[in-house]
Amino acid sequence: MSDVRLTVLDRRGQRIERQVTTGTTAADLYREERGVIAARLNGELRDLAVEPRDGDTVEPVTVDSDDGRSILRHSTAHVLAQAVQELFPEAKLGIGPPIENGFYYDFDVSRPFNPEDLKAIEARMREIVKAGQPFARREVGDDEAKAELAAEPYKLELIGIKGGAGDEASVEVGGGDALTIYDNLDAKSGELCWKDLCRGPHLPTTRHIPAFRLLRSAGAYWRGSENNPQLQRIYGTAWESRGALDEHLKLLAEAERRDHRRLGAELDLFSFPPEIGSGLAVFHPKGGIVRRTMEDYARRRHEEAGYEFVYSPHIARSTLFETSGHLQWYAENMYPPMEMEGARYYPKPMNCPFHFLIYRSRGRSYRELPLRLFEFGTVYRYEKSGVVHGLTRVRGLTQDDSHILCTPEQLSDELASLMAFVIDLLRDFGLTEFEAELATRPDKYVGEIAEWNTAEAALRHAIEAADLPYVVAEGEGAFYAPKIDLHLRDAIGRRWQISTLQVDLQNARLFDLEYQAADGSRQRPWIIHRALFGSIERFFGILLEHYAGALPPWLAPVQVVGIPISDAHVPYLEQAAGRLRARGIRVEVDASDERMQKKIRTAQTQKIPYMMLAGDRDVAQKAVSFRYRNGEQRNGVPIDEAIEEVVKVVDARIQV
RNA sequence: GCCGCCUUAGCUCAGUCGGUCAGAGCGGCUCACUCGUAAUGAGCAGGUCGUCGGUUCGAAUCCGACAGGCGGCUCCA
């Protein structure tokens with residue numbers, strides 16, 4: 001009986017109208033197509049076992065697509081949970097969703113997992129994969145599900161909150177529809193091996209897992225709240241092929257190689273002496289050069305863009321932070337106060353109140369607006385001990401902070417040009433891929449909703465004018481302002497948050513900021529807060545990772561190192577170095593006792609852009625020989641030309 | 001802050017069952033070598049084994065607290 005008419009797409013997207021018999025499954029439709037592990041039925045992801053009905057449209061989902069990988073990872077998470085419960089029968093199940101590049105599963109266990117446990121679990125998983133257990137879906141009623149899962153308290157809780165979709169728990173119960181349980185069956189006997197409450201879809205069998213690896217275990221709060229019990233989470237990764245897994249593991253190793261904490265020590269850039277305190281960095285001379293170069297360049301660009309430079313102290317009395325609302329809203333992120341002369345002084349967590357006082361120090365005219373106040377302002381924030389991380393999450397940080405005060409009419413244009421300025425400056429640091437996130441009014445907020453809406457609209461306009469890809473993060477704004485967080489992608493595709501732009505009307509009122517308008521009336525200015533690097537420290541760390549330590553010559557602490565073939569050539573190189581120095585180039589001559597080969601190795605590991613060698617042949621030709629970071633060399637370069645080459649690259653701020 | 005792991009020389013790390021276990025490589029210093037594109041050789045110096053407390057005849061080693069770090073969670077520039 002050919003009574004079911006279907007529109008069937010193949011993996012190339014070709015549509016074919018087909019008539020099949022009742023009971024034909026998606027698996028039957030794609031029997032000939034390799035790598036198809038699920039189907040999209042009228043746009044919805046389903047198991048391959050699904051039986052399409054008359055008029056349905058069926059598309060294949062291959063394991064190497066985004067959806068396919070998610071399904072693969074979700075199924076691998078199930079295999080993980082099955083292995084854990086077989087080895088640790090007392091383990092209670094939390095949730096086990098796919099995530100970017102992998103999956104995890106949370107368990108409530110009496111004892112946390114250790115690395116040996118992970119090995120044993122992974123071994124058991126391989127057996128389950130090899131056994132080729134089918135994933136079988138069945139729908140159950142709420143009461144039925146509760147009875148079956150009586151021993152799984154967390155699953156019961158999920159059933160209870162079913163419908164509250166949107167979080168990761170929705171992977172387990174979906175939103176609204178009937179509950180489903182997936183049974184893992186013995187491939188031969190059909191006997192039940194394991195089951196889990198799950199929305200699906202899943203791979204046809206565990207054998208369809210080509211490659212996976214468990215990565216680590218860690219504590220994680222149940223349903224993401226620190227008020228809930230802490231479960232033990234196991235992270236893993238799964239891929240459509242052995243090769244894809246290896247690629248991913250290589251990327252992880254590459255990320256480790258680029259770790260700015262490692263590079264900071266290896267290149268002698270900065271350190272975190274425990275004597276100073278957790279999350280408080282010192283920059284060594286070489287790191288200092290990089291940082292100062294970054295700052296100098298940013299300073300110059302800001303000057304050109306009409307910013308005025310201000311300075312403010314690191315501490316202020318409590319009354320200032322009462323006015324700004326920080327003590328009311330932000331106290332838990334602030335360092336505790338110092339008592340003096342009957343007053344309490346707090347280290348500042350933000351620069352804004354100081355800049356507002358500068359604005360308020362005298363009457364302001366609309367003719368002065370937009371007024372752009374800039375400061376490399378060092379602030380201190382109490383970060384919980386567990387979150388401090390290298391330069392990207394510290395307790396003392398310097399923001400390239402500014403506050404722009406403008407009229408309501410200027411707001412939109414100012415934001416749009418600011419956005420262009422931000423992107424342009426970041427591009428000069430060699431960053432090219434940006435994404436914006438519009439963070440809107442949080443639950444804890446001050447001010448009027450109408451003002452928030454105006455501010456949010458202005459920010460949205462700025463993003464759209466800059467033609468940036470963006471997402472909206474509902475409720476993620478600061479308590480006093482909605483904001484744009486700008487993210488960038490680094491050289492190996494990782495996402496970092498950097499710039500932040502906020503529009504704020506609260507503080508103009510809190511600080512009673514005014515300007516006199518053309519008609520003689522007094523008006524409130526709008527305020528734009530913005531930090532472009534985010535913080536100098538964080539940006540420093542991001543750049544280091546982006547470049548894997550091989551900074552472009554204009555930022556490199558040492559731009560050229562002179563390497564003599566023998567001692568006799570030191571004076572010759574010193575002379576060339578002197579000429580480079582006169583052109584503003586940072587150059588050293590390695591006059592140590594080491595062999596020339598060793599000096600090259602040292603310069604290479606220090607990632608110095610230019611090695612300038614000189615031996616008898618070069619001296620005879622009034623030349624030097626270059627060796628570059630990539631190992632290439634250029635011999636017999638006339639000194640004048642060599643100098644121009646370096647100066648040109650540094651001035652142009654290009655990478656070599 | 002929470003869970004787990006870690007802390008031995010400037011760095012990276014050995015150190016078994018609690019008893020010559022204070023060790024190596026790199027780095028530093030000294031001497032010799034003077035060399036054409038990623039490690040010349042020899043010698044020397046460096047450590048209250050994170051800190052404090054406990055167990056023990058005896059602690060780098062076992063236990064506890066604290067500090068710092070690492071991986072996550074929560075939070076976030």
Side-chain angles (χ1 to χ4, degrees), chain A residues 104 106 109 111-115 117 215-235 256 259 261-262 265-266 268 271-279 332-333 349-350 379 381-401 439 476 478 483 485-487 496-500 502 529-539 541-542 563-570 592-606 611-618 625-629 631-636:
Chain A
Y104 66 79
D106 289 344
V109 280
R111 165 181 77 74
F113 300 110
N114 60 41
D117 294 334
L215 296 175
R216 62 177 64 90
S217 65
Y221 297 111
W222 167 237
R223 302 190 61 219
S225 168
E226 55 190 330
N227 302 317
N228 287 339
Q230 193 154 40
L231 308 181
Q232 292 302 312
R233 174 171 297 178
I234 295 178
Y235 283 94
E256 201 177 317
D259 191 318
R261 295 165 299 184
R262 166 199 292 253
E266 282 173 4
D268 195 13
S271 60
F272 295 90
E275 293 84 347
I276 299 176
S278 180
E332 61 184 24
N333 293 300
M350 295 186 193
V379 299
R381 298 179 183 178
Y382 169 67
E383 298 288 351
K384 292 177 179 176
S385 59
V387 307
V388 169
H389 181 95
L391 285 177
T392 58
R393 195 73 185 276
V394 291
R395 286 178 172 169
L397 58 138
T398 303
Q399 296 180 304
D400 58 332
D401 205 1
E476 299 291 317
K483 60 176 179 174
D485 283 329
L486 193 67
H487 295 78
W496 300 87
Q497 184 181 331
I498 36 166
S499 314
T500 165
Q502 308 175 338
H529 304 240
R530 40 116 295 181
L532 207 156
F533 295 148
S535 82
I536 310 287
E537 290 80 1
R538 178 198 201 76
F539 190 63
I542 294 169
I563 298 178
I565 301 301
S566 81
D567 281 355
H569 310 112
V570 170
S592 69
D593 259 359
E594 297 296 342
R595 296 175 71 219
M596 177 265 294
Q597 286 85 346
K598 177 60 182 295
K599 293 178 183 183
I600 288 170
R601 180 183 151 81
T602 303
Q604 197 84 46
T605 56
Q606 288 298 300
M611 287 175 231
M612 185 171 73
L613 285 77
D616 289 340
R617 289 205 291 273
D618 299 288
S625 295
F626 276 132
R627 181 189 161 102
Y628 306 97
R629 281 191 291 222
E632 281 175 23
Q633 46 179 301
R634 215 179 125 211
N635 298 329

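Order of the sequence lines fixes the chain letters, A, B, ..., with proteins taken first and strands second; residue numbering starts at 1 for each chain. Computation of the quantities below employed the complete heavy-atom set of this structure, encompassing side-chain atoms and omitting hydrogens, waters and symmetry-equivalent molecules.
- The P atoms of B:A67 and B:G10 are separated by 24 Å, rounded to the nearest whole Å.
- Of all non-hydrogen atoms in A:S535 and A:L397, the two that sit nearest each other are CB-CD1, 3.5 Å.
- The side chain of A:K598 approaches B:G27 more closely than any other nucleotide in the set B:U37, B:A77, B:G27.
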Q. What's the verdict on side chain to side chain contact (heavy atoms under 4.5 Å, CB included) for A:S625 and A:Q633, showing C-alpha distance, side-chain angles and the deciding distance?
A. CA-CA 7 Å; A:S625 295; A:Q633 46 179 301; 6.0 Å; no
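- Remark: side-chain polar atoms of A:R381 are not paired, donor with acceptor, to backbone N or O of A:N333 under 3.5 angstrom.
- A donor-acceptor pair is defined here as one N or O able to donate and one able to accept, closer than 3.5 Å; no such pair exists between the side chain of A:K483 and the backbone of A:H529.
- A gap of 33 Å separates the C1' atoms of B:A9 and B:C3, to the nearest Å.
- For RNA chain B, the stems formed by at least three consecutive Watson-Crick or G-U pairs, with both atom-pair distances below 3.5 Å, span B:1-7 with B:67-73, B:10-13 with B:23-26, B:28-32 with B:40-44, B:50-54 with B:62-66.
- Side-chain atoms of A:V394 lie closest to B:A77 of the nucleotides B:A77, B:G36, B:G72.
- For the P atoms, the distance from B:G4 to B:C57 is 32 Å, rounded to whole Å.
- At least one side-chain nitrogen or oxygen of A:R627 sits closer than 4.0 Å to the OP1 or OP2 atom of B:A38.
- When side chains are defined from C-beta on, A:L391 counts as touching A:F272, because their heavy atoms get closer than 4.5 Å.
- Looking at heavy-atom distances under 4.0 Å, A:R261 makes contact with sugar-phosphate atoms alone, never a base.
- Using a 4.0 Å heavy-atom criterion, one finds that A:R216 contacts the sugar-phosphate atoms exclusively.
- Residue contacts for A:F272: at a heavy-atom cut-off of 4.0 Å it reaches no nucleic acid atom on any strand shown.
- Listed nucleotides B:U37, B:G36, B:U74 differ in distance to A:Q633; the shortest reach to its side chain belongs to B:U37.
- A:R530 places a side-chain N or O within donor-acceptor distance of the main-chain N or O of A:D400, the cut-off being under 3.5 Å.
- Among the protein residues, A:D616 comes within range of the nucleic acid bases, having at least one heavy atom under 4.0 Å from a base atom.
- In this structure, A:E266 contributes its side chain and A:R261 its backbone to no donor-acceptor pair below 3.5 Å.
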Expected string for nucleotides 2-12 of chain B under the B/S/- scheme (protein heavy atoms, under 4.0 Å, primed atoms plus P, OP1, OP2 as sugar-phosphate) is BBS--------
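- Phosphate proximity of B:C73 to A:K384: absent, as no side-chain N or O sits under 4.0 Å from OP1 or OP2.
- Atom CZ of A:R595 is separated from atom CD1 of A:I563 by 13.0 Å, given to the nearest 0.5 angstrom.
- Judged purely by distance below 3.5 Å, without hydrogens or angles, the side chains of A:Q604 and A:R627 pair a donor atom with an acceptor atom.
- The gap from the P atom of B:U34 to that of B:C26 amounts to 23 Å, rounded to the nearest Å.
- For B:G69, one of the phosphate oxygens OP1 or OP2 lies less than 4.0 angstrom from a side-chain nitrogen or oxygen of A:S278.
- Here, B:G58 and B:C66 have their C1' atoms 26 Å apart, quoted to the whole Å.
- B:G28 atom P lies 12 Å from atom CG of A:D268, rounded to whole Å.
- Counting only heavy atoms from C-beta on, A:D593 has its side chain closest to B:C33 among B:U37, B:C33, B:G69.
- The nearest heavy atom of RNA chain B to A:M596 and to A:T392 marks one nucleotide each, and the one closer to the 5' end goes with A:M596.
- Residue A:D567 is the one, among A:F626 and A:D567, whose nearest nucleotide of RNA chain B lies closer to the 5' end (criterion: closest heavy atom).
- Remark: the separation of the P atoms in B:C62 and B:A39 is 41 Å, to the nearest Å.
- Ionic pairing of A:E594 and A:R601 is not present here: no N-O contact between side-chain nitrogen and carboxylate oxygen is shorter than 4.0 angstrom.
- A:S499 comes within 4.0 angstrom of no nucleic acid atom, judged by non-hydrogen atoms across all strands.
- One N or O on the side chain of A:S499 and one on the backbone of A:L532 form a donor-acceptor pair closer than 3.5 Å.
- Regarding contacts with the backbone of B:G71, a side-chain N or O of A:H389 is found under 4.0 angstrom from either OP1 or OP2.
- Listed candidates were B:A77, B:U40, B:U34. Nearest to the side chain of A:Q497 is B:A77.
- Within 4.0 Å (heavy atoms only), A:G224 reaches sugar-phosphate atoms of the nucleic acid but no base atom.
- A donor-acceptor pair under 3.5 Å is formed between the side chain of A:R538 and the backbone N or O of A:T392.
- For a distance-only test at 3.5 Å, the side chain of A:R233 fails to qualify as a donor-acceptor partner of the base of B:C73.
- Separating the C1' atom of B:C21 from that of B:U37 is a span of 43 Å, rounded to the nearest Å.
- Put simply, the side chain of A:Q606 and the base of B:A38 share no donor and acceptor less than 3.5 Å apart.
- Atom CD1 of A:I565 is separated from atom P of B:G36 by 7 Å (rounded to the nearest Å).
- Contact between the side-chain N/O atoms of A:R538 and the OP1/OP2 oxygens of B:A77 is not found at any separation under 4.0 Å.
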